Amino acid sequence: FSVCPNSLSDILKAKGQNSLIDLDLEGDKKRKVLLKDYQSHPLRERWVHVDFLEVDTTKMVKVSVDVNLIGKSAGEKMGGLVNQVIKVLHIECLPADIPQFVEVDTTGVELGQVLHVSDLSLPDKVKVLHKPSDAIVSVYLEKAKEEKSEDVAAEEDESVDKSGEPAVKADSTKKES
C-alpha cells in the first residue's frame, strides 16, 4: 500500500515523530500505528520508504522523545556554558500518552549545578527509562583564557637555558665523516 507523503508530513509536523496515527487500509479497519522508521530522499524533501508499527493502545510502548531546553540559565548569564548531556529521553507509556517532546526549564540552573533525570516533572503516566542520577544538563565555567596563557609562558621558559640562550637540541642523527 502507499501513503500520501504530504498527509504524513503534515501529521508529523503538527504532532511530532511519535504521534499516534490512524492508518486506514483499503478494505480493512483503521489501525493505530506509530512511525517506526523512515528513509528520505538525499536531495529532495520527500519520503522514499516508511515503516509503521501497529500498537495496542492498552499496552505500554517504549519510545524516544527529544529534550528541549527552555530559558537562559542564571549560570549562563554569568558567563557559564550550558552542556546538554541527554538530548533524547527514553520513556515508556501508553501510545496515547506519548509527549511530543520534553521541555526542561534551565532558568534556575546556577554555575556548577547539574539537572538530573530525577529533577524532571513528567506526567505520572510517563515512566523514564534512564537512571534517576543521569545528568540532563549542566552549567559550568570555561577555564579562563589567562590560565592558558600562563601554560604557554611556562613552556617558553622551559625552552630557554639558564644563560638566557634558546636551548638547542642535539641532533643524534649526524653522520660522521
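Remember, it's a predicted structure, so these values are computed and weren't measured experimentally.
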What distance do [X] atom [atom1] and [Y] atom [atom2] have between them, rounded to the nearest 0.5 Å?
{"X": "Phe52", "Y": "Glu54", "atom1": "CZ", "atom2": "CD", "answer": "12.0 Å"}
{"X": "Asp22", "Y": "Arg31", "atom1": "CG", "atom2": "CZ", "answer": "12.5 Å"}
{"X": "Ser64", "Y": "Gln17", "atom1": "OG", "atom2": "CD", "answer": "9.5 Å"}
{"X": "Lys13", "Y": "Leu8", "atom1": "NZ", "atom2": "CG", "answer": "10.5 Å"}
{"X": "Gln100", "Y": "Leu12", "atom1": "CD", "atom2": "CG", "answer": "10.0 Å"}

Mind listing the closest non-hydrogen atom pair of [X] and [Y] along with its distance?
{"X": "Thr107", "Y": "Gly71", "result": "CG2-CA, 3.7 Å"}
{"X": "Ala74", "Y": "Glu110", "result": "CB-OE2, 3.6 Å"}
{"X": "Ser19", "Y": "Ile11", "result": "OG-CG2, 3.7 Å"}

Determine yes or no for a side-chain-to-main-chain donor-acceptor pair under 3.5 angstrom, with Thr106 supplying the side chain and Ile70 the backbone. yes
Please check this pair: side chain of Ser73 against backbone of Gly108, looking for a donor-acceptor N/O pair closer than 3.5 Å. no
Does some side-chain heavy atom of Pro95 sit less than 4.5 Å from a side-chain heavy atom of Asn18? no
Could you give the side-chain donor-acceptor pairs of residues 114-130 under 3.5 Å, partners two or more places apart or in another chain?
from, atom 1, to, atom 2, distance (Å)
Ser118, OG, Pro132, O, 3.4
Asp119, OD2, His116, N, 2.8
His130, NE2, His90, N, 3.1

Cut-off 3.5 Å, no hydrogens considered: what does the side-chain donor-acceptor table look like for residues 77-89, sequence neighbours left out?
from, atom 1, to, atom 2, distance (Å)
Gln84, NE2, Val67, O, 3.0
Gln84, NE2, Ile86, O, 3.3
Lys87, NZ, Gln84, O, 3.2

Does one hydrophobic cluster hold both [X] and [Y], with members joined at side-chain heavy-atom distances below 4.5 Å?
{"X": "Val104", "Y": "Ile98", "result": "yes"}
{"X": "Val50", "Y": "Val63", "result": "no"}
{"X": "Leu111", "Y": "Tyr140", "result": "no"}

Could you work out the complete set of other residues in the hydrophobic cluster of Leu94, with links drawn between I, L, V, M, F, W and Y side chains under 4.5 Å apart? Met60
Which pairs count as ring pair (Phe, Tyr, Trp, His ring centres under 6.0 Å) when at least one residue sits in residues 92-113, sequence neighbours excluded? none
Considering only residues two or more places apart or on different chains, which pairs with a residue in residues 57-88 satisfy ring pair (Phe, Tyr, Trp, His ring centres under 6.0 Å)? none
A quick test of your reading: do over 12 heavy atoms of other residues, nucleotides or ligands sit less than 6.0 Å from CD of Glu45? no
Could you tabulate the donor-acceptor pairs under 3.5 Å formed by side-chain atoms of residues 33-41, not counting sequence neighbours?
from, atom 1, to, atom 2, distance (Å)
His41, ND1, Leu43, N, 3.0
His41, ND1, Arg44, N, 3.0

